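The next block holds one structure in the form of structure tokens; read it before the comments.
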Amino acid sequence: MSTDVSGMIECRPLARIFGADDEDAVWHAAIDLFFLDPGNAYDALACLFGVRNTYGFRPLTTDRGLPEDASDELRDGIDAWRGPDGEPGTTWISWAELAAADWEETDRSGTRSRAAVAGAGTGWAPVWDVMRTLASLHGPEHVRLVVWFR
């Protein structure tokens, strides 16, 4: 059985201006991954999210669940994915975490780097481009990618 990934990039535009604790500094859906088409290459899903990690990558994030402060648009998107088995596997990562990651770290065999399977020149490059742009406008800690799997 294959694993499908879906998700959204969210940002908090007013958090940079008013502070993250301000009542108006809420998360908003910026773009659905559907439009950026990162694909579902299992080596990329393994190194980023720990999904189907037969490669032995140390994932950047795994099983964080849905953020408590997720936007309504994101909640609607994940609700549409709920199947008969209930909640899909869900995790998230901020642009600040992605920017600080060791992209040269390799899998267990030492043959695949994180950059090679999920960096520039891969299906994930458009996702990183959008997140980088939003982070330059709103701050890296106010941009995140939320993904779910089925």
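Note that the coordinates shown come from a computational prediction; the quantities given were computed from them, not determined experimentally. Because only heavy atoms are used, hydrogens play no part in the values below, and waters and symmetry mates are left out as well, while side chains stay in.
Using a 4.5 Å cut-off between side-chain heavy atoms of Ile, Leu, Val, Met, Phe, Trp and Tyr, with links allowed through other members, Trp128 and Phe34 fall into the same hydrophobic cluster. Taking hydrophobic clusters as Ile, Leu, Val, Met, Phe, Trp and Tyr residues chained together by side-chain heavy-atom distances below 4.5 Å, Ile31 does not share a cluster with Trp27. Under a hydrophobic clustering in which Ile, Leu, Val, Met, Phe, Trp and Tyr are joined whenever their side-chain heavy atoms come within less than 4.5 Å, directly or via other members, Val127 and Tyr42 fall into the same cluster. Criterion: ILVMFWY side-chain heavy atoms under 4.5 Å apart, direct or through other members. Under it, Trp92 and Val26 are not part of a common hydrophobic cluster. Residues Ile93 and Trp124 share a hydrophobic cluster, clusters being chains of Ile/Leu/Val/Met/Phe/Trp/Tyr side chains in contact below 4.5 Å.
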Set out, in order, the CA-CA distance, both residues' side-chain angles and the distance that settles side chain to side chain donor-acceptor pair (under 3.5 Å) for Thr106 and Ser113, then state yes or no. CA-CA 4 Å; Thr106 63; Ser113 71; over 6 Å; no
Verify salt bridge (charged side-chain N to carboxylate O under 4.0 Å, His left out) between Glu97 and Arg64, making sure each step is shown before the conclusion. CA-CA 14 Å; Glu97 292 170 301; Arg64 285 183 171 172; 2.5 Å; yes
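The pair Asp72-Arg75 fails the salt-bridge criterion, with no side-chain N (NZ, NE, NH1 or NH2) lying under 4.0 Å from an Asp/Glu carboxylate O. A salt bridge is defined here as a Lys NZ or Arg NE, NH1 or NH2 lying under 4.0 Å from an Asp or Glu carboxylate O, and Arg114 with Glu104 fails to meet this definition.
Taking 4.5 Å as the limit, some side-chain heavy atom of Trp148 sits within range of a side-chain heavy atom of Ser6. Counting heavy atoms from C-beta on, the side chains of Phe35 and Val130 never come closer than 4.5 Å. Counting only heavy atoms from C-beta outward, the side chains of Pro126 and Asp37 never approach each other to under 4.5 Å. Counting heavy atoms from C-beta on, the side chains of Ser94 and Glu141 never come closer than 4.5 Å.
Screening Leu33, Ile9, Leu48, Thr90 against Val147 for a side-chain contact (heavy atoms from CB on, under 4.5 Å) leaves a single residue, Leu33.
The cationic atom of Arg144 (NZ for Lys, CZ for Arg) does not lie both less than 6.0 Å from the six-membered ring centre of Trp95 and within 45° of the ring axis.
Ring pair Tyr55/Phe57 is tilted by interplanar angle, where 30° to 60° counts as tilted.
Grouping Ile, Leu, Val, Met, Phe, Trp and Tyr residues whose side-chain heavy atoms lie under 4.5 Å apart, directly or via other members, places Phe18 in a hydrophobic cluster with Leu14, Ile17.
Atom CZ of Arg58 has 12 or fewer heavy atoms from other residues, nucleotides or ligands within 6.0 Å.
Distance check, rounded to the nearest 0.5 Å: CG of Leu45 to CG of Asp4 gives 9.5 Å.
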